[in-house]
Amino acid sequence: MKAAATFLLFLTLAVPPPLVNSQPLISSSLSSTVTHVAVSANGVFVSTANQVHHFSPTLQQSEGSPDTPGGTVTGMASTPDGEWCVVCTDAGGETCSVLNGSNLEAPANRTVTKSGIAISLAVFTGGDGNSFYTGSFVNSHILYHQYGFAGSTLSRATNPVHQQTSGFNRVFVSGFFASGYAYYLVSDPSTSGVNRRLRIIRVCNDSTADGFNNQYELTLGCDGNNGFFNPTLIDVFVINGKTLFIAIRFGSVVDVCSYSLPEINSLMDAAYQSCVVDGNGNKNIFWQNSVSCSVGLSGSICSISDSRSGTPAPAVGASNPLTPTGLITNTTILNGLTAIVGVSIDDTNFIYFALTLNSNNYCINKYHLVNSTTLKFISQVTSTSTVTSLSWSQGSEYVYGISGTNVIALKTEGCSSATSCSECVSLGDPLCGWCMIENKCSRKPFCQDNDQTGRYLTQGDSSYCFDALSIDPSTYVIDIEQQPHQIDLTFLPAPPPSKLPGEEYFCVFNGIMSPLELSMGTNAGSCSVQDIVSQVTGMQLDTTFSIYSNRTGVNFYTRPTSYTFYSCPTASKCSACLQSETCGWCQLDFTCTGQNSSCTTGEWFNIKDGGSASSFCPFLEPNSVTFDGRYTQAANVTKNLTLSTSNTGSSPGLTYECVYGTDTRTATVSHDNKVTCNNNPVLTIGGGGSTQNVSLSLRQVYNENRYTIETNATANLNVILYDCPTLALGCSSCLAQRIDTGFSCSWCNSNNQCRDISDCNDASAVISTGNCPLPMITDFNPKAGPPRGGTTIIINGTNLGTQRSDIESVIIGTRNCIVDEYEPGVWITCTIDPDTSDTADRNETIMIRVTRSSGSVSVNSTTQYQFITPIIQSVSPTYGPVSGGTRIRVQGTNFDIGNKKMTRVIMRQSSSRKKRNTCPDVNCNITNITNTEINCITSSIDDTDCVRNVIVSVNGASFSNTSISYQYRPDPTFDSISPMIIIPAGGIQLVFTGANLNSVQSPTITINDSRLISSSVEPCVTNDNTTLICNAPNITNVADSSYGTSIEYMLMLDGAESPNYMNAALRLKLQRNPIFTGIDADSRSISVDDINDITIRGMNVESVNPSEINIMLGDNSDDVCSIRTSSKTEITCRPPNKPSGTTLALRVRVGRNLVFPSNGITGPEWTLEYANTSTESITSTGSTSTIITTITTTTGPTSTSTSAPSSTSIGAIVGGSIAASIIITLLIVAIPLIIVIFILQKRAKDSKEKPISHRGNLAIPISMNIYQGITSQDNNLFPQSNPAYIKASDIHEIPASKNEEFLFVKKANNEDNEGHVDTGVIDDIAQSSEDKGSYENISKVDGDAN
C-alpha cells in the first residue's frame, strides 16, 4: 500500500551562527574507549570493552564503580530511574546480567539468551520499567526475549524452532519501548540483489503471551524510496513516544527521516486483519519462504497461532514499505553528522546534532522542533573531538555522548546563565523563562505561581520585564526632605505583577524593610524610608536597595547600584562636609548643610560647581622649617609664634585663637594667611623639664561659636616648648640645640648661659662654635682595658662640638678609638680598634680632635687610660656534669677592666686535642665580677668527653692559662640506695650506687616532700665513680600518716637530673626515730673477772642500721661498747675491760644528730659500774655452813629478770681433809641451787600474767619518782630522769606491795594531769604477750603492735 503523506514532516533547518549561547561540556575520561552509554534520570552507565562504570548526572564516579562483568560488553540498557542496569556480554555465549544501579553489585539475576556468539544484539528496557528486552541473531536464528528484574519471574522467549532462517542474516541495530509495544530496528538482506532493507519489528508487552507469537514487521524507506540501499545507521530515537527518527548515511549522503508510530501501528494492525483474520495474501515474512495467509493462521493480535507443519513463524509483515519524505531538506547542515538524539522536556521537543565540521572543529547543535514543521536553532557547544553517540532518557537533565575515551554531558538547558529578565527571555530556548517574583531564569515547573499572570515570562516577553527602576529623589538628603520620609519608584519597562492574596511587597534598605505601595494601573509606587533614616549616624550611608516578596521569600529585584542617604549636619569638619557634592559648609556657622538657605550668614561652600575641600576649607599648615612640620616656641620668654595657614582670611566679626594644650592665646591673621599667636603671658614647661611636646590647634571664633581648624598634615601638629638654659650647660651643646630643631638657642657670654636669642642681652649672641671656649675632657670610663682593644669608652667633657661630624678623631696613645655614639658637646662613646698583636701593658693619654667654625683644635685628657692584661691563676672546681649548672670560681687579677657587661667566661677545647667543631665553645654564665675573682655557672653541652681551657674574654680579647682546664663529665646515673630508710632526725648515711657519681664536686641532698616542712641541705661525698655517700637531712612536721611511706627527696647535682625517688630501687621509706632509755637494770654492774654483754633498752631500734649506732663509755673516745645484737626494743654490746670500781657514763649516738641521754643528763640507767667477784664469809657451826643468797626480782616493761647471786662467801676452813670435804659438800649443794635459781629466773621471764585491765587514757597518780619525758611533734621521747615506779596493783593484778618497773611512759598531753601517767599511751609495759595485746594504743608510739 502507499503510505499516507499526512504524517510526513517537511522541515527547514537554518544554518546556525558560528557560536550562540554556548554552554560548557562536562567530561570524564576513562582508560579505554567508551563503547556504550545507558542514561537514567539519576545518572549514566558507561561501558568500555570490559568494564561498566556508573556516574552521577554531573559525571562524578559512584561507589562500587567500575564493575567487570566478564567478557566483552555487547549491549547495555538502564531503567528510567537508574535502579537497574542491564549489561550484555559475549561471556559463555550471549549473556545479559542485571546489576544494582546504585553500586553495580553482583548480578541480581542472570540469563543466557543462546549459547554461541550473537552476530548482532539489541537490548533495552520497557514494560513500564519492570523488564528488559533483547533481540539477537544467533546461529541463523532470530531470537526475542523479555525478562523481569530481580524478584520477578517474568521470562519469555521465542521458540528457536520457529525462528530459524536460511541464509538470511538479520542485523539488530536498535530497540525501544513505546505505546505499550517493544520495537526492534533491524537491517535485513535483500531477497534479491545486494540492497539491504531497514525494517521495524513490533512485539506485544504481554507477559501472558507465550513465545513471542506476535511479531509484526514493516519495511521502512525514505524520500519515496522503497528501502535504504546499503545504509549506515547513525542513530535511532523516539520523541514523545509518537515519532520515530532515523539518521542514516549511504555513501556521502546523510538523511534524517521521521515516522509516525501511530501510523506504523496502524499498518501492522491492518496486516493482522488482512492476513490472520481475513486470510488474504502472503505473510510477507522475508526470512522465510513465501507463505500464504489463507490456511492455518488464527489467534489474537498478540498471540498468533500457525498450525501448519514445518517451521511456522508467528509473524506477519505489512505488504508495502513506509517511505516518508526526509526531515531535512537542507542537506548542507547534515554534512559531518556523527550522532543525533531527540529530547522531549516540558512538552517541548528538541533535536541535538553532533557534527564534525573539519578536523579541528567539533560541535553539538541544539534545535527546537517547532510545531512539527520547523527546526529552530537554539545553541551550539564546541567539543574537543568527534562525538560518536548521543543519548538521553526521560527525566534526565543532561544529554550524554561518547567521544573516544571520554563520556560527555551537556545540560539540556542553560537558563541559569541569564541574570536578568530581558536576558532570559532573549535566550531563544523555549525551556527558559523569567520567574518574576523569584528573580531567576528557570524552566517553568521550577517557578512558583507560574500559571499566574505576569509571574512567568517566556521567550519574547521582554516588554513585560521589570529590569530597572528609578528612585526619586536620586539621593536622599535627610535635613532638606519633608516628613514623613519616603521615596517614589518608577518601574521600567513594566511594574511588578499584581500581588496575590496575602502577598506583600517590601522595599529593603540594608535589610530594613518598609511596605511598598503600588499605584495600580501605573508603573509607579512608593515606600517609607523612616526606619532607615534613623540608622544614618554618619554624613553618608550607602545602602543596598531591594524589593522583597513575602510569598516567595526572595528579593526579586536588587538595584545594581547603591542608594545613598546623606545627613549633612553630622559632618563636623569642613573637609568631611565637602567630600560630597550634596552637602556644603556654612563658613561662619561652622556647620554642614544640604542647602545654601540653611546658612544664617557668610558663604556656603559647595564643590558641585568645581573646586575641592582644599579650595574652600581653612587649614593649619605644617611648619616648613622643621622636618616633621612641628612648631617651636621658647618657654619663659615673651615671644609670639607665627603659624602658616590656608583659606583663613578675615571677615567682619571673625577672630582667631591659638590653643597650646589647655592654654589659649589670642591671634591675628594677615592677608597672606599668616596667623600670629600672642604669647603674653609667657608659656611655661610643666614639671620643670627642658622641653615639652604640647598639642597645637587654631580656632575660628564667630558670634561666640568656635571651630577648630583642620590640620593639613598626616597627624595633628604640635608645638615644642623649649627652655635653652636647661637644655645645655656648655656653649657647643647650646649651639647644638639649633640644628634641625627650630630652637633659637644661643650662648650669652654676659651671663655664661644658654638662652633663646630673643632673650640674650649680649650685643652679639654666640651662634657659632668658633666663639665658644676650647674643648675639655673632664672624665672617662672605664679607666682600663686589655691591650688588644675592643673596649668601649665613655668620654665626658665640655664644648666637644655640636654634631657627630665635628669629632674628627679620638686617639689613645697610638690606638684609634672609633666613635659609636655622641651627645653634642657633652660626651662621646668610642671603641678601641682591636689589635691582637698588642700585648703590652701601659698608660696612655686620650686625645680628641674637634672641628669648630674657626678651625680644628685638639684636647688631651689629664689622666691616662691603662692597658692591662687579665691573668687567670686558678679555677675551682675543675670538673662538672655535662648538664652544666656547676658554680665556678675563676681567680686571678685585672678581671674588672674594660666593659664588664661584655666580659665572658668561655670553656674552649684545646685545638691540640680535638677539632673545635667536635667540642664547641661553651659559655659560663657570669654572676659576679671583682678585680680578683669571677663567679659563673656552666652551661650544658652535648658531648661527654671534652677537656676545655678556661678563657676570660674582655671586650672580645681572650686570655687563658693553658695549665688550667675544666672537664665536662657524663651526668651521674643511679642504680640503688642503701639503706632505703630515713628517720626524722636525719644524720644517718645514705649510700647511692650508680655510674659517673664523681662528676659533681659538691653534691648535696634535701627532702622536698610537700607533706613535710623543708629539711636541711646536707653534703654528699664520693668515694669513687660508683658510690655517693650523703648525710640524711633532718625532717620536721611529720604526721603519723607519713611513717611507712616513701618520701620525695632531691639530690642537687649542679644541672644534672636528680634520681627518680619513685624508682623501686631508689625509694626512701620514712621510719620513726630510734629511742634509747638506758642500760637494763641487770646490766648496770659487770664483773671485771668475766666481761659480758650489756643490754640497752629502747624502741624503734631497728629503724636504723646498727652501724649507725655508736655506744661510748666515759670521756675517752676509745672506750666503745661494741655492738653485738639488736632488736626492735634493745641492743647489746660488749664493753671494754676496766679496773674494778670504774664507773663510766654511757652515751648512745645514732648517726650524727641523735644522742642519748640528751643534754648531758646522767643517772643510774646511764651508768656502768665495774666490780670484783669477792668471797663472802661463811659462818660454820660444827659441820654445817649457811649460804646466804639474795635474789631481787624486778618487773620491767619488756621482761622480768632474776639476778644470780651477787656474791657468795665461803669461810676458810683449816685442815686438809675437813676442808676438802666441806668444799665438796658445798659444791654438791651449790650447783643444784644455782640450777634452781636459773630455772626460776627463766620461768619468771617466760611466765604469763593475767591480762592488764586497761581503762583507756586514765590518769594514774605516780607513787614515786616520775620519769618525765619531752614529747615532740614526732612523738619521740627523750629521757631526762630515772625510770618511774608506780604501784603495780593500780594497773593490773599482781601481789600487793610489789613494784613493777616502767621503762617508758609518756606524759598525758593535758596540763591538769601533770605528774600522772597516761595509761592509754604506755608502751611495752606488759609482762606477757596477753598483756601486750591488751594495749590497743601501743602502735601509736611504737609504729606497730608487738
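Only heavy atoms go into these numbers, but all of them, side chains included; no hydrogens, no water, no symmetry mates.
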Peer 1: Against Val508, only a single residue in Ile532, Asn555, Ile547, Leu516 fulfils side chain to side chain contact (heavy atoms under 4.5 Å, CB included); can you say which?
Peer 2: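 When side chain to side chain contact (heavy atoms under 4.5 Å, CB included) is applied between Val508 and each of Ile532, Asn555, Ile547, Leu516, only Asn555 qualifies.
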
Peer 1: Could you report the tightest heavy-atom contact between Thr645 and Asn673, atom names first, then the distance?
Peer 2: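 Minimum heavy-atom contact is OG1-O, 2.6 Å.
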
Peer 1: Under 2.5 Å between the SG atoms: is that true for Cys574 and Cys592?
Peer 2: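 Unbridged: Cys574 and Cys592.
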
Peer 1: With no hydrogens and no angle check, just 3.5 Å: does a side-chain donor-acceptor pair link Glu710 and Asn712?
Peer 2: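 There is no such pair (donor and acceptor under 3.5 Å, judged by atom type) between the side chains of Glu710 and Asn712.
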
Peer 1: Keeping the roles fixed (side chain from Ser697, backbone from Thr708), state whether a donor-acceptor pair exists under 3.5 Å.
Peer 2: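 Pair absent, no side-chain N/O of Ser697 close to backbone of Thr708.
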
Peer 1: Do Gln540 and Asp542 come close enough that some side-chain heavy atom pair is under 4.5 Å?
Peer 2: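 A side-chain contact exists here, since the closest heavy-atom pair is under 4.5 Å.
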
Peer 1: Tell me if a side-chain donor or acceptor on Ser514 pairs with a main-chain N or O of Ser528 at a distance below 3.5 Å.
Peer 2: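 Looks like yes, one N/O pair under 3.5 Å.
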
Peer 1: Any sub-3.5 Å donor-acceptor pair from Ser546's side-chain atoms to Thr558's backbone N or O?
Peer 2: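 Looks like no, no N/O pair under 3.5 Å.
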
Peer 1: Side chains of Phe350 and His368: does their closest heavy-atom pair fall under 4.5 Å?
Peer 2: yes

Peer 1: Considering only heavy atoms from C-beta outward, does the side chain of Leu683 approach that of Arg665 to under 4.5 Å?
Peer 2: yes

Peer 1: Indicate every side-chain donor-acceptor pair of residues 603-610 with a distance under 3.5 Å to a residue at least two apart or in another chain.
Peer 2:
from: Trp604; atom 1: NE1; to: Gly584; atom 2: O; distance (Å): 3.4
from: Trp604; atom 1: NE1; to: Thr593; atom 2: OG1; distance (Å): 2.9
from: Asn606; atom 1: OD1; to: Lys608; atom 2: N; distance (Å): 2.8
from: Asn606; atom 1: ND2; to: Glu581; atom 2: O; distance (Å): 3.0
from: Asn606; atom 1: ND2; to: Cys583; atom 2: O; distance (Å): 2.8

Peer 1: Taking the side chain as C-beta and beyond, is there a heavy-atom pair between Ile26 and Ile408 under 4.5 Å?
Peer 2: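 Counting from C-beta outward, Ile26 and Ile408 never come under 4.5 Å.
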
Peer 1: Taking ring-ring contact (aromatic ring centres under 6.0 Å, His included) as the cut-off, I'd like each qualifying pair that reaches into residues 494-517, sequence neighbours left out, listed once.
Peer 2: Tyr505-Phe556, Phe509-Phe545, Phe509-Phe565

Peer 1: Rounded at 0.5 Å granularity, tell me how far CD1 in Ile364 sits from CG in Leu25.
Peer 2: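 It comes to 5.0 Å.
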
Peer 1: State whether the side chain of Ser426 and the backbone N or O of Ser422 hold a donor-acceptor pair below 3.5 Å, judged by distance alone.
Peer 2: yes

Peer 1: For Cys432, does its backbone N or O pair with a side-chain atom of Gln459 as donor and acceptor, under 3.5 Å?
Peer 2: yes

Peer 1: Within this structure, what is the CD-CD distance for the pair Gln700 and Gln587, rounded to the nearest 0.5 Å?
Peer 2: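 The CD atom of Gln700 sits 7.5 Å away from the CD atom of Gln587.
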
Peer 1: Taking atom types as modelled and ignoring hydrogens, do the side chains of Ser526 and Asp488 form a donor-acceptor contact shorter than 3.5 angstrom?
Peer 2: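 The criterion, which ignores hydrogens and geometry beyond distance, is not satisfied for Asp488 and Ser526.
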
Peer 1: Is the count of non-hydrogen atoms from other residues, nucleotides or ligands lying under 6.0 Å from Asp663 atom CG greater than 12?
Peer 2: yes

Peer 1: Between Ser549 and Glu503, is any side-chain donor less than 3.5 angstrom from a side-chain acceptor?
Peer 2: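 On atom types as modelled, these side chains qualify, holding a pair under 3.5 Å.
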
Peer 1: Could you pull out every donor-acceptor pair under 3.5 Å between side chains of residues 471-486 and any protein atom, sequence neighbours left out?
Peer 2:
from: Tyr476; atom 1: OH; to: His485; atom 2: ND1; distance (Å): 2.6
from: Asp479; atom 1: OD2; to: Gly594; atom 2: N; distance (Å): 2.9

Peer 1: So, do Cys415 and Asp429 sit near enough that their side-chain heavy atoms are less than 4.5 Å apart?
Peer 2: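 No, too far: nothing below the 4.5 Å cut-off.
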
Peer 1: What about Trp585 and Tyr707, are their ring centers closer than 6.0 Å?
Peer 2: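 Between Trp585 and Tyr707, the centre distance is under 6.0 Å.
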
Peer 1: Applying disulfide (SG to SG under 2.5 Å) as the test, list every pair that has at least one member in residues 635-698; sequence neighbours left out.
Peer 2: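 Every disulfide (SG to SG under 2.5 Å) pair that includes a residue of residues 635-698, provided the two are not neighbours, is Cys658-Cys677.
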
Peer 1: Can you confirm whether the side chains of Thr600 and Asp589 place a donor and an acceptor under 3.5 Å from each other?
Peer 2: yes

Peer 1: Do you see a donor-acceptor pair shorter than 3.5 Å between the side chains of Asn679 and Gln633?
Peer 2: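 Result is yes, a qualifying pair exists.
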
Peer 1: Quick one: does Asn623's side chain have a donor or acceptor within less than 3.5 Å of a partner on Val625's backbone?
Peer 2: yes

Peer 1: If you measure only the distance, is there a donor-acceptor pair under 3.5 Å linking the side chains of Ser644 and Lys674?
Peer 2: yes

Peer 1: Ignoring hydrogens and geometry, is there a side-chain-to-backbone donor-acceptor pair from Tyr656 to Thr648 under 3.5 Å?
Peer 2: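 At least one qualifying donor-acceptor pair exists.
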
Peer 1: Report the C-alpha separation of Ile437 and Asp449 in whole Å, then their side-chain angles, then the decisive distance to 0.1 Å, and conclude whether the side chain to side chain contact (heavy atoms under 4.5 Å, CB included) test is met.
Peer 2: CA-CA 9 Å; Ile437 310 303; Asp449 301 323; over 6 Å; no

Peer 1: Checking Thr490 against Asn523: is there a side-chain donor and acceptor pair closer than 3.5 Å?
Peer 2: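 Checked: Asn523/Thr490 side chains show no N/O donor-acceptor pair below 3.5 Å.
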
Peer 1: Just by distance, no angles: are the side chains of Thr638 and Asn680 close enough, under 3.5 Å, to form a donor-acceptor pair?
Peer 2: no

Peer 1: Side chains of Asp723 and Thr726: do they bring a donor and an acceptor to under 3.5 Å?
Peer 2: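 Yes, because at least one side-chain N or O of Asp723 sits under 3.5 Å from a partner of the opposite role on Thr726.
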
Peer 1: Of the non-hydrogen atoms in Ser396 and Thr412, which two are nearest, and what is the gap between them?
Peer 2: O-CG2, 4.2 Å

Peer 1: Minimum heavy-atom separation for Leu654 to Gly649, with atom names?
Peer 2: CD2-O, 4.5 Å

Peer 1: If I take atom CZ from residue Arg551 and atom CD from residue Glu438, how far apart are they, to the nearest 0.5 angstrom?
Peer 2: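 Taking CZ in Arg551 and CD in Glu438, the distance rounds to 10.5 Å.
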
Peer 1: I'd like to know whether CG of Asp672 has more than 12 heavy-atom contacts from other residues, nucleotides or ligands below 6.0 angstrom.
Peer 2: yes

Peer 1: Can you check whether Cys465 and Cys421 have SGs under 2.5 Å apart?
Peer 2: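 Disulfide present: SG-SG distance under 2.5 Å.
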
Peer 1: Using modelled atom types only, decide if a donor and an acceptor are shared between the side chain of Thr570 and the backbone of Gly538 within a distance under 3.5 Å.
Peer 2: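 Yes.
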
Peer 1: Working note: Cys507 + Leu489, criterion side chain to side chain contact (heavy atoms under 4.5 Å, CB included); need CA distance, chi angles, decisive distance, verdict.
Peer 2: CA-CA 10 Å; Cys507 295; Leu489 309 177; 3.9 Å; yes

Peer 1: Let me check something: any side-chain donor-acceptor pairs from residues 440-448 under 3.5 Å, sequence neighbours excluded? List them with distances.
Peer 2:
from: Lys440; atom 1: NZ; to: Phe446; atom 2: O; distance (Å): 3.0
from: Arg443; atom 1: NE; to: Asp346; atom 2: OD2; distance (Å): 3.0
from: Arg443; atom 1: NH2; to: Asp346; atom 2: OD1; distance (Å): 2.9

Peer 1: Calculate, to the nearest 0.5 Å, the distance between atoms CZ and CG belonging to Phe619 and Asn647 respectively.
Peer 2: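 Here the interatomic distance stands at 7.5 Å.
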
Peer 1: Answer with yes or no whether the side chains of Ser646 and Glu621 bring together a donor and an acceptor at under 3.5 Å.
Peer 2: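 Side-chain D/A pair, Glu621 to Ser646: present.
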
Peer 1: Between Lys639 and Tyr722, which heavy-atom pair has the shortest distance, and what is it?
Peer 2: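 So the minimum-distance heavy-atom pair works out to NZ-OH, 3.8 Å.
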
Peer 1: Taking the side chain as everything from C-beta on, heavy atoms only, tell me whether Thr691 gets closer than 4.5 Å to Phe743.
Peer 2: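 Heavy-atom side-chain distance check passes, below 4.5 Å.
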
Peer 1: Do you know the tightest heavy-atom contact between Leu721 and Ile685?
Peer 2: O-CD1, 3.8 Å

Peer 1: Looking only at atom types and distance, does a side-chain atom of Glu423 sit under 3.5 Å from a main-chain N or O of Thr419, one as donor and one as acceptor?
Peer 2: yes

Peer 1: Could you state the interatomic distance from CG (Leu492) to CZ (Phe466), rounded to the nearest 0.5 Å?
Peer 2: 9.0 Å

Peer 1: Provide the full list of ring-ring contact (aromatic ring centres under 6.0 Å, His included) pairs with a residue in residues 677-699, sequence neighbours left out, each pair given once.
Peer 2: none

Peer 1: Got Leu643 and Leu696 here, is their nearest side-chain heavy-atom distance under 4.5 Å?
Peer 2: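 Touching, per the 4.5 Å side-chain cut-off.
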
Peer 1: Quick one: does Leu59's side chain get under 4.5 Å of Tyr398's, heavy atoms only?
Peer 2: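 SC-SC contact between Leu59 and Tyr398 ruled out.
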
Peer 1: Is there a donor-acceptor pair under 3.5 Å between the side chain of Arg455 and the backbone N or O of Asn450?
Peer 2: no

Peer 1: Between Leu588 and Gly602, what is the shortest heavy-atom contact and its length?
Peer 2: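 Shortest heavy-atom separation between Leu588 and Gly602 comes out as CD1-CA, 3.9 Å.
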
Peer 1: In Å, rounded to the nearest 0.5 Å, how long is the span from CD of Glu504 to CG of Asn550?
Peer 2: 6.0 Å

